Structures are given as structure tokens and as C-alpha cells.
Amino acid sequence: MTAERIDPPGLSPATGFSHAVVATGSRLVFLAGQTALDADGKITGDTLPEQFERALGNLLTALRAAGGTPSDLARVTVYATDVAAYRAHAPELGRVWRSLAGRDYPAMAVVEVVRLWDEAAMVELDGFAVLT
């Protein structure tokens, strides 16, 4: 994918996301929502950062299986059951993101939800990627 990340002047500085991503490629990969499920279908991690790391790892595993890399991500949506907790852990979540996915941030949004499919899940990530 060729990606141009755009953070226009006049908007709040983009920290941990890009305001816009212009992606050029020939293959779209739509990634289903991923929580902190292990291979046995059980939620792992007792804290939001632990669950975020597993959910992001699961998303990236699906992306790699489709032939992509983290830099191919054009859009990611994070669904959190507690946005205040998400904000409180933002520095740690940012470190997890950079460790697993690098510094090429996709366009992102964080949305608070009442609950997720798996009741023990605190966070879910979905998105799409553009591959060349």
C-alpha cells in the first residue's frame, strides 16, 4: 500500500492516529472485530492494557494471514466499554500499539459501547487495510 497520512493545520494535533489516510493499492482487507480471545475462545487479560494487547495482536494476526502488515492499516475502530479507563491508560496503550504495529498510524476512532459480544471483553478492534 502507498499511504499518505494527512494531518491538516487547524485541526488538533494527531497523537496516536492520523486525521486522514489516502491509500492506494489493489486489494482491500476488511478485518472483523477482535477481542482478547485466545485460541480456545476464552478472554485473556484482567486489565484493559492486557486485553488491548491481545486484541491488537489478534487483529494483526488476521491482517498478516491476508498478506498485510501493520503499515497497510488504513482505518481502525476501537470499541471500549469504558472510555474514561481507555483515556487513563492511553500512554500504555500507545506503547503497546507502537510495539506491535509501529508508528504509521491509521485513521482511528474510539467508541464507547455498553458491552461487547463476550461479556468479559473490555475492548474490541476492527478495521480495514489496503494492500498492493
Side-chain angles (χ1 to χ4, degrees):
M1 167 181 79
T2 301
E4 178 186 4
R5 294 165 196 331
I6 301 171
D7 295 307
L11 294 181
S12 176
T15 304
F17 70 98
S18 295
H19 283 290
V21 176
V22 177
T24 305
S26 61
R27 191 167 169 216
L28 289 177
V29 178
F30 294 90
L31 299 161
Q34 298 293 325
T35 60
L37 287 177
D38 65 13
D40 295 323
K42 305 231 183 321
I43 294 290
T44 62
D46 296 323
T47 68
L48 179 60
E50 289 170 336
Q51 286 199 14
F52 181 85
E53 183 170 8
R54 182 61 185 244
L56 177 57
N58 289 346
L59 187 81
L60 295 176
T61 295
L63 175 60
R64 286 185 182 100
T69 66
S71 64
D72 295 321
L73 287 169
R75 173 83 172 137
V76 170
T77 303
V78 178
Y79 304 93
T81 58
D82 185 345
V83 168
Y86 189 93
R87 288 177 63 99
H89 290 286
E92 187 175 354
L93 301 177
R95 284 190 294 276
V96 168
W97 181 278
R98 289 186 300 277
S99 170
L100 297 179
R103 292 186 173 271
D104 291 328
Y105 297 107
M108 295 181 73
V110 177
V111 179
E112 186 169 83
V113 295
V114 173
R115 69 167 290 231
L116 295 163
W117 181 263
D118 295 294
E119 200 166 312
M122 297 177 220
V123 65
E124 182 170 334
L125 288 81
D126 73 8
F128 70 87
V130 180
L131 285 57
T132 54

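Side chains included, hydrogens not; waters and symmetry mates left out as well; all remaining heavy atoms used. The model shown is predicted, which means the values in this text are computed figures rather than measured ones.
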Query - Partners passing side chain to side chain contact (heavy atoms under 4.5 Å, CB included) against Ala3 (at least two apart in sequence or in another chain) - result: Met1, Arg5, Val21

Review item, side-chain donor-acceptor pairs of residues 111-118, under 3.5 Å, at least two apart:
residue : atom : partner : partner atom : Å
Glu112  : OE2  : Val83   : N            : 2.7
Arg115  : NH2  : Trp117  : O            : 3.0

Report summary line: Those residues at least two apart in sequence (or on a different chain) that pass side chain to side chain donor-acceptor pair (under 3.5 Å) with Arg54 are Asn58

Query raised in the report: Quick one: ring-ring contact (aromatic ring centres under 6.0 Å, His included) pairs with a partner in residues 14-58, sequence neighbours left out?
Result: Phe17-His19, Phe30-Phe128

Report summary line: dist Leu31:CG -> Leu73:CG (nearest 0.5 Å) comes out at 6.5 Å

Query raised in the report: What pairs with Thr77 under side chain to side chain donor-acceptor pair (under 3.5 Å), at least two apart in sequence or on another chain?
Result: none

Query raised in the report: So which pairs with a foot in residues 62-87 pass ring-ring contact (aromatic ring centres under 6.0 Å, His included), sequence neighbours left out?
Result: none

Requested in this report: Quick one: pull up CD in Glu53 and CG in Leu48 and give me the separation to the nearest 0.5 Å.
Outcome: 11.5 Å

Requested in this report: Quick one: list whatever passes side chain to side chain donor-acceptor pair (under 3.5 Å) with Thr132, sequence neighbours left out.
Outcome: none

Requested in this report: Sorted by first residue and then second, give each side-chain hydrogen bond (donor to acceptor under 3.5 Å, both in side chains) pair with at least one member in residues 23-48; sequence neighbours left out.
Outcome: Thr47-Glu50

Side-chain atoms of residues 87-108: list all donor-acceptor pairs with protein atoms under 3.5 Å, sequence neighbours left out, distances to 0.1 Å.
residue : atom : partner : partner atom : Å
Arg98   : NH1  : Gly94   : O            : 3.2

Query raised in the report: Are Val29 and Leu56 connected in the hydrophobic side-chain network, where two residues link if heavy atoms are under 4.5 Å apart?
Result: yes

Requested in this report: For the pair Ser18 and Ile6, evaluate side-chain contact (heavy atoms from CB on, under 4.5 Å) and give the outcome as yes or no after the intermediate values.
Outcome: CA-CA 6 Å; Ser18 295; Ile6 301 171; over 6 Å; no

